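The structure displayed is predicted, hence computed values, not measured ones. First the proteins, then the strands, lettered A, B, ... as listed; each starts at 1.
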Protein chains: 2
Amino acid sequence: MTDRITLKEVADAAGVHMSTASRALNEQTRDVVNAETVARVLKAARRLGYTPNPLARGLRTNRTMTVGMIIPDIENPLFGPIIAGAAARLGSDGYSLLIADADLKDQASVARVIETLIDRRSDGLILATSARSDPTVAELANRNVAAVLVNRTADASPLPSIVGDDHEGIGLVVQHLVDMGHTEIGHISGPQTMSTGHGRYQAFLSWTQSLGVEVAPTAIEEAAWYRVEAGLHATSALLERRPDITAIVCANDLLAMGAYRAVRQKGLRVGADVAITGYNDTPLLDLLEPPLTSVRVPYRQMGSEAAGLLISMLSSDNGSGSPVSLRLTPTLSVRGSSGPHS
Amino acid sequence: MTDRITLKEVADAAGVHMSTASRALNEQTRDVVNAETVARVLKAARRLGYTPNPLARGLRTNRTMTVGMIIPDIENPLFGPIIAGAAARLGSDGYSLLIADADLKDQASVARVIETLIDRRSDGLILATSARSDPTVAELANRNVAAVLVNRTADASPLPSIVGDDHEGIGLVVQHLVDMGHTEIGHISGPQTMSTGHGRYQAFLSWTQSLGVEVAPTAIEEAAWYRVEAGLHATSALLERRPDITAIVCANDLLAMGAYRAVRQKGLRVGADVAITGYNDTPLLDLLEPPLTSVRVPYRQMGSEAAGLLISMLSSDNGSGSPVSLRLTPTLSVRGSSGPHS
DNA sequence: GCGGATGATACAATCGATTGCTGTCGGCTG
DNA sequence: CAGCCGACAGCAATCGATTGTATCATCCGC
């Protein structure tokens, strides 16, 4: 590639020593250098188009200004906004984002990817991978790696996390369905091994109870994965068992898609006969017929907050001041799939 | 973070000099070191858990084993598979992926992001951003930066590119519609400033002509952006002008979504009255009613091939052997939105 | 038994920055 | 006028690897 200007060349051009040039260029140490000299160095640097070599700097300072991010399944559209939000926030603070895509089902792959990121001397990590109980999370905390969980959290996690408020989100849904006159409400839950699946399930139980809606165990079915097929399967089973159900709260939009199919296979109409709600408000799904009522989570903000939190952890000189986890408030996008009880 | 083992420590543990340890650890130079010594060093390295410091290595060798990727709009689900494919291929060759998300509409932002990636001493770049005529592409080539274009290409690009074969893809669509008996076929084209928009438009003209389908200029409408609203707008205008049209080839799935709406606003049925086809075969859109007929492009492979191409450019000792651009063959996913002419 | 080839390892320069320490110079104080 | 201080800039070590060259022992043939 292009030949690059080094600090030495800038220093020579400005007629000073490397070390002086270095101090003049560095905000922190600029004040120990004579103002005129600073100006001279800055001008020379600009004229020559100097950019510091991050490798040399990193080698010396032991900071790479790089943050690693681990995504379980980058093809999931969910992660686009999270990455974008994080990248923007990091970029404005001079950090770059190293992306690694790990297969969540393959524990070893996750560990390997994390190792790669650490070996590369990332200053910190953003993890979108963690299952509810994940040994690697604890290990990271032990190894004293700066890391933040995003979207998902681990049980009693030693790491700070930025997640959506699932309790709040499910509350919006249940409240909405109750308002629409539904009393027989079912739930297609996500995998209970994941924090989102578990949290939304708990929230469903809690809200129905506090709103006085009776929910028998038969009204709940767990989907094995967040997949359309799993949703179809689970919903079929649910409707078979409980034909009286008029509303189904799905833990995720993909499950809701499966529910659409199951409802139709039973010869029922989505929205009119059976109300269906999703979670995530996946783009494009408002184009369905009927459009899906879903909980919108501020994913972009989530990424941004996670990055911000990590940055503050990295720049707090003392390791203390335990960083605070954040729980972002979702909103409900009401659409045609959740009609009133007929 | 954790204290790290250095080469010196490994060397001491093995009772040799740093340089010997270095050569023993390095595949390339291993053969100049006595086999027993190699074994001893390797064992020591493994025992201590040694991982080389990529900064020190990079500083010396001037290679970071890092590839930068520029994405115009990471929230577009299109890019997920491309990133995943590239990341996988790069990872298996020891490279990591630095992701930068640039706002395509903001030329300065693209340039800034590229600069960042270069300043970070990325070994090479994968660009998904380029418009048809993009000054930065030419500049990169001038600066002798190793770079590959993916998904989109620039006119007469000096850089190799991996793209889908739009001519072929549109051919599949047009052939299919002709087979279904359509003779009045319209086209909602993408922005002509982008290679995909332009290429698919040209392909449409070419295929209709060669298949003997008459296409008046009134049967073509350009959408300003790849957005649902733009598709709605363009399709409305098209149908207003040409109510006789029975099939619409859209340059992109989002435009097709807009077309769905426009058709319905006219009181017509998608699939039965007006056939609609998309491009990209975006996940989830097969869940629409009717499900969207679309051209499937092997995006994951695209990312993988782009990474492979870049790697070969980086490792070819001579800069010659001009790397070959690739054009990947798409397939057609026929679904309900493209019914026969009634 | 000696010059020279060979194989194995050690030495030291180098990559490009940061930073603690030293040196210099002018001015101020006692 | 000696001594000291402060402001400024240069010196050189350092980060952790890679790599060209030097060293050294061994062994070969003559």
So among A:Asn151, A:Thr136, A:Leu140, which one has a side-chain contact (heavy atoms from CB on, under 4.5 Å) with A:Leu127?
A:Leu140
Let's see if you get this right: which residues in residues 22-31 of chain A place a heavy atom under 4.0 Å from DNA chain C?
A:Ser22, A:Arg23
Is the shortest heavy-atom distance from the side chain of B:Ser122 to the side chain of B:Thr66 under 4.5 Å?
yes
Numerically ordered, the residues 33-44 of chain B set in heavy-atom contact under 4.0 Å with DNA chain C is B:Val33, B:Asn34, B:Thr37
Apply side chain to side chain contact (heavy atoms under 4.5 Å, CB included) to B:Ala39 and list each qualifying residue two or more places apart in sequence or on a separate chain.
none
Side chain to side chain contact (heavy atoms under 4.5 Å, CB included) involving A:Thr61 - partner list, sequence neighbours excluded:
A:Arg57, A:Arg63
Any residue in residues 57-65 of chain B with a heavy atom nearer than 4.0 angstrom to DNA chain C? Just list them by number, or reply none.
B:Leu59, B:Arg60
So that I can tick it off, tell me whether A:Glu115 and A:Arg143 are bridged by a salt bridge, with the cut-off set at under 4.0 angstrom between side-chain N and carboxylate O.
yes
What donor-acceptor contacts under 3.5 angstrom involve side-chain atoms of residues 76-93 of chain B, with partners at least two apart or in another chain?
{"from": "B:Asn76", "atom 1": "OD1", "to": "B:Leu78", "atom 2": "N", "distance (Å)": "3.0"}
{"from": "B:Arg89", "atom 1": "NH1", "to": "B:Asp93", "atom 2": "OD1", "distance (Å)": "2.8"}
{"from": "B:Ser92", "atom 1": "OG", "to": "B:Arg89", "atom 2": "O", "distance (Å)": "2.9"}

Report yes if some heavy atom in the side chain of B:Thr64 is under 4.5 Å from a heavy atom in the side chain of B:Tyr95; otherwise report no.
no
Extract, from 5' to 3' on DNA chain D, the first and final nucleotides lying under 4.0 angstrom from some heavy atom of chain B.
D:dG16 to D:dG20
Does any part of the side chain of A:Ile126, heavy atoms only, come nearer than 4.5 Å to the side chain of A:Leu149, both counted from C-beta?
no
To the nearest 10 degrees, how far apart in direction are the end axes of the helix from C:dG1-D:dC30 to C:dG30-D:dC1, each fit to five base pairs?
60°
Using distance only, find each side-chain donor-acceptor pair of residues 5-18 of chain A under 3.5 Å and give its atom names and separation, not counting sequence neighbours.
{"from": "A:Thr6", "atom 1": "OG1", "to": "A:Lys8", "atom 2": "N", "distance (Å)": "3.4"}
{"from": "A:Thr6", "atom 1": "OG1", "to": "A:Glu9", "atom 2": "N", "distance (Å)": "3.4"}
{"from": "A:Lys8", "atom 1": "NZ", "to": "A:Asp12", "atom 2": "OD1", "distance (Å)": "3.3"}
{"from": "A:Lys8", "atom 1": "NZ", "to": "A:Asp12", "atom 2": "OD2", "distance (Å)": "3.0"}
{"from": "A:Glu9", "atom 1": "OE2", "to": "A:Thr6", "atom 2": "N", "distance (Å)": "3.0"}
{"from": "A:His17", "atom 1": "ND1", "to": "A:Ser19", "atom 2": "N", "distance (Å)": "3.1"}
{"from": "A:His17", "atom 1": "ND1", "to": "A:Ser19", "atom 2": "OG", "distance (Å)": "3.0"}

Please determine, by modelled atom types, if A:Arg4 and A:Thr51 share a side-chain donor-acceptor pair under 3.5 angstrom.
yes
B:Leu98 vs B:Leu117 side-chain heavy atoms within contact, under 4.5 Å
yes
Under 4.0 Å, heavy atom to any atom of DNA chain C: which of residues 13-21 of chain A qualify?
A:Met18, A:Ser19
List for me each residue that meets salt bridge (charged side-chain N to carboxylate O under 4.0 Å, His left out) alongside B:Arg40, sequence neighbours excluded, and say none if there are none.
none
Can you find a pair of side-chain heavy atoms, one from B:Arg23 and one from B:Arg30, that are under 4.5 Å apart?
no
Within a 6.0 Å radius of atom CG on B:Asn62, are there more than 12 heavy atoms belonging to other residues, nucleotides or ligands?
no
Sequence neighbours excluded, the answer for salt bridge (charged side-chain N to carboxylate O under 4.0 Å, His left out) partners of B:Arg120 is none
Least distance between heavy atoms, B:Ala306 atom then B:Val150 atom
CB-CG2, 3.9 Å
Can you tell if the side chain of B:Leu125 reaches within under 4.5 Å of the side chain of B:Val148, non-hydrogen atoms only?
no
